[in-house]
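For reference, the structure discussed in these notes is given below.
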Protein chains: 2
Amino acid sequence: MVRKPAKSHVKPDVKAASTRKPNMREAILAAAEELFSTYGFNAVSVRDIAQAAGANPGSVTYHFKTKDGLLLEIYRRHCGPMNRRRSELLAAARRVRDLQDRLEAIVRAYVLPAFTSGSDLAGGGTRFTRLRAIMSAEGNEVVRKIIAQTFDDTSHAFIDAIHESLPHIPRTDLVWRGHFLLGALYYTLVTPERVSRLSRGSADGTDAGHAIEELVRATVAALQAPPLDQPRKAAGASPGRALT
Amino acid sequence: MVRKPAKSHVKPDVKAASTRKPNMREAILAAAEELFSTYGFNAVSVRDIAQAAGANPGSVTYHFKTKDGLLLEIYRRHCGPMNRRRSELLAAARRVRDLQDRLEAIVRAYVLPAFTSGSDLAGGGTRFTRLRAIMSAEGNEVVRKIIAQTFDDTSHAFIDAIHESLPHIPRTDLVWRGHFLLGALYYTLVTPERVSRLSRGSADGTDAGHAIEELVRATVAALQAPPLDQPRKAAGASPGRALT
DNA sequence: TGAATATTTGGACGATAGTACAAATATGGT
DNA sequence: ACCATATTTGTACTATCGTCCAAATATTCA
């Protein structure tokens with residue numbers, strides 16, 4: 001780990017946060033997830049992970065062979081549950097009658113699992129999404145393939161669902177706006193302090209629920225915006241007209 | 001550099017892309033900017049930079065003392081011109097009469113310099129913004145201070161200007177939406193291929209101008225959305241009413 | 001229990017990291 | 001041309017990297 005706020009004297013508490021079973025494999029996995037999602041893949045060494053998990057560096061190699069293998073296993077653990085939950089919520093959202101409510105439900109179905117996805121660890125979804133954000137920024141080659149073949153299907157399903165609710169907007173624009181949504185989501189999880197710093201001393205800003213609501217509200221409005229080939233002015237942006 | 005697509009047989013052309021003067025300091029700076037913004041700070045070694053610039057590793061130490069110092073100098077080079085250009089465009093945007101047009105001009109004043117900021121190198125703005133995106137994801141400590149004391153002023157100025165155009169929306173919501181804008185902007189520059197992959201084989205997707213227009217359109221709509229403490233339905237989202 | 005297996009340990013390997021420094025070379029003013 | 005200075009070079013230092021491996025230990029099951 002290149003540089004990190006002084007913490008060499010604190011005990012490794014990542015293991016304690018887990019289920020406390022003497023399952024080293026799980027402890028290593030949890031520690032790696034926490035460290036990767038905080039400092040990035042390149043900045044964290046295998047020895048850092050081992051120490052945080054209370055394990056020997058050799059154990060990491062034993063269980064996961066390589067550092068890349070460790071990262072791969074983390075993704076395998078989360079991608080399944082997260083996409084499954086997204087599919088469930090998306091299916092439920094599709095059944096919403098009111099067009100406005102349906103669009104909002106679709107967006108929520110995409111955002112929610114990123115914060116609360118199914119891991120036995122507390123705050124698991126947030127941590128994994130933060131990890132994905134960092135990995136996409138670092139351009140990690142190992143991850144790029146998993147993303148392409150795991151998340152693109154999900155993304156297509158959501159774009160399709162949105163396109164059904166907003167048929168008058170070209171797919172290209174919806175793809176862009178979905179792209180912006182993902183960027184906003186990532187950035188929100190990567191820099192949790194920035195919002196509270198720009199706001200004038202309001203709440204602590206770490207309220208995930210509030211962040212989700214703000215993100216959903218903004219995204220729904222962005223999706224409903226008139227496409228680029230239409231003039232912005234007049235009543236074009238009014239959902240009342242746009243969704244008729 | 002940890003892992004990178006095979007390129008060891010190609011000559012270092014970063015220097016050739018610069019002004020070709022035998023100014024090693026500039027060549028090193030350009031090479032570092034290119035490599036950092038592509039692979040991240042931790043993944044690039046001083047030796048990588050030196051080789052790409054056609055210089056000796058010792059020269060890097062001579063000119064910039066440390067690796068952090070090199071990163072710092074890159075920021076010093078760009079922050080000034082970029083924020084100056086933003087201030088100019090913001091001042092011009094404030095003078096726009098029509099409230100709708102003014103809001104769009106303000107957003108454009110924020111986004112444009114991120115793509116075209118003043119560097120003598122071609123495509124300079126895009127590269128530096130990509131660098132900022134990666135740095136914010138990696139949580140680099142050296143950069144965090146610069147960001148806080150350099151960009152927060154600019155951010156406040158823009159939030160204020162937006163608040164003047166949308167006085168009925170609480171500042172907190174506008175801060176969130178500006179935050180989302182920055183995240184969308186970063187993510188767009190970090191993953192330039194993703195949009196074209198999700199679109200169905202349309203244009204090449206690397207058209208910066210189109211990306212800007214999509215981003216501005218979506219952001220303006222998001223900013224105009226009714227705040228969280230108001231119901232979303234009815235005519236609340238209509239700009240015609242909202243801006244009255 | 002005892003043997004087979006699974007896991008953990010501690011140390012080692014070569015590679016590469018950031019940085020330092022003396023010697024070599026280029027540069028510019030007089 | 002000469003000297004003072006600026007820059008480049010080559011090398012070396014220590015630290016840490018990912019990975020490997022044999023020995024020690026823990027676990028499992030007949």
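Letters go in sequence order (proteins before strands), and every chain restarts at 1. The basis for the numbers below is simple: all heavy atoms, side chains too, and nothing from hydrogens, waters or symmetry mates.
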Exercise for review: Give the ring-plane orientation class for A:Tyr110 versus A:Phe158, where under 30° counts as parallel, over 60° as perpendicular and anything between as tilted.
Suggested key: perpendicular
Here the distance between atom C1' of C:dT9 and atom CD of A:Gln51, to the nearest Å, is 16 Å
A:Met24 CE to D:dT27 P, in whole Å, measures 12 Å
Sorted by chain and residue number, the side chain to side chain donor-acceptor pair (under 3.5 Å) partners of A:Thr154 (sequence neighbours excluded) come out as A:Asn83
Separation of D:dT27 atom P from A:Asn23 atom CG, nearest Å, is 12 Å
Fill in: Presence of B:Ser45 side-chain N/O under 4.0 Å of C:dA17 phosphate oxygens OP1/OP2
yes
When rounded to whole Å, the CG to C1' distance for the pair B:Asn42 and C:dT16 reads 15 Å
| message | For B:Glu213, is there an ion pair with B:Arg108 - N to carboxylate O distance below 4.0 angstrom? | response | yes
**Request:** Tell me whether the OP1 or OP2 atom of D:dG18 has a side-chain N or O from A:Thr66 closer than 4.0 Å.
**Result:** no
Here the distance between atom P of D:dT8 and atom CZ of B:Arg25, to the nearest Å, is 11 Å
Item to check | Side-chain N or O of B:Tyr62 closer than 4.0 Å to phosphate OP1/OP2 of D:dT8 | outcome: no
ask   = Can any side-chain N or O of B:Ser37 pair as donor or acceptor with the backbone N or O of B:Glu34 at less than 3.5 Å?
value = yes
field: Backbone of A:Thr188 reached by a side-chain donor or acceptor of A:Thr191 within 3.5 Å
entry: no
Atom pairs under 3.5 Å, N or O on each side, protein against nucleotides 11-13 of chain C: can you list them with distances?
| from | atom 1 | to | atom 2 | distance (Å) |
| --- | --- | --- | --- | --- |
| C:dA12 | N6 | A:Arg47 | NH2 | 3.3 |

Requested in this report: Give a yes or no answer on whether the side chain of B:Arg47 reaches the backbone of B:Pro57 with a donor-acceptor pair at less than 3.5 Å.
Outcome: no
So the salt bridge (charged side-chain N to carboxylate O under 4.0 Å, His left out) pairs with at least one residue in residues 59-73 of chain B (sequence neighbours excluded) are B:Glu73-B:Arg76, B:Glu73-B:Arg77
### Message
Looking at B:Thr219, is its backbone amide N or carbonyl O close enough to the side chain of B:Arg177 to form a donor-acceptor pair, meaning the two atoms are under 3.5 Å apart?
### Response
no
Give each protein N/O atom lying under 3.5 Å from an N/O atom of nucleotides 24-26 of chain D, with the pair distance.
none

Taken to the nearest whole Å, NZ/A:Lys67 to P/D:dC20 is 15 Å
By side chain to side chain donor-acceptor pair (under 3.5 Å), A:Arg132 pairs with (sequence neighbours left out) A:Tyr186
A:Ile28 atom CD1 is separated from D:dG18 atom P, nearest whole Å, by 14 Å
Angle separating the five-pair end axes of the helix from C:dT1-D:dA30 to C:dT30-D:dA1, nearest 10°, is 20°
Among the nucleotides D:dT8, D:dC17, C:dT7, whichever has the atom closest to the side chain of A:His63 is C:dT7
- Query: Quick one: are A:Ile134 and A:Phe36 in side-chain contact, heavy atoms under 4.5 Å?
  - Reply: no
Check: Any idea how B:Phe180 and B:Trp176 line up, ring-wise: parallel (<30°), tilted (30 to 60°), or perpendicular (>60°)?
Finding: tilted
Take B:Asp152 and B:Ser155 through the side chain to side chain donor-acceptor pair (under 3.5 Å) test and state the conclusion after the steps. CA-CA 5 Å; B:Asp152 278 5; B:Ser155 299; 4.8 Å; no
From the candidates C:dA17, D:dT7, D:dT19, the one with an atom nearest any side-chain atom of B:Asp48 is C:dA17
Atom NZ of B:Lys65 and atom C1' of D:dT7 are separated, to the nearest Å, by 14 Å
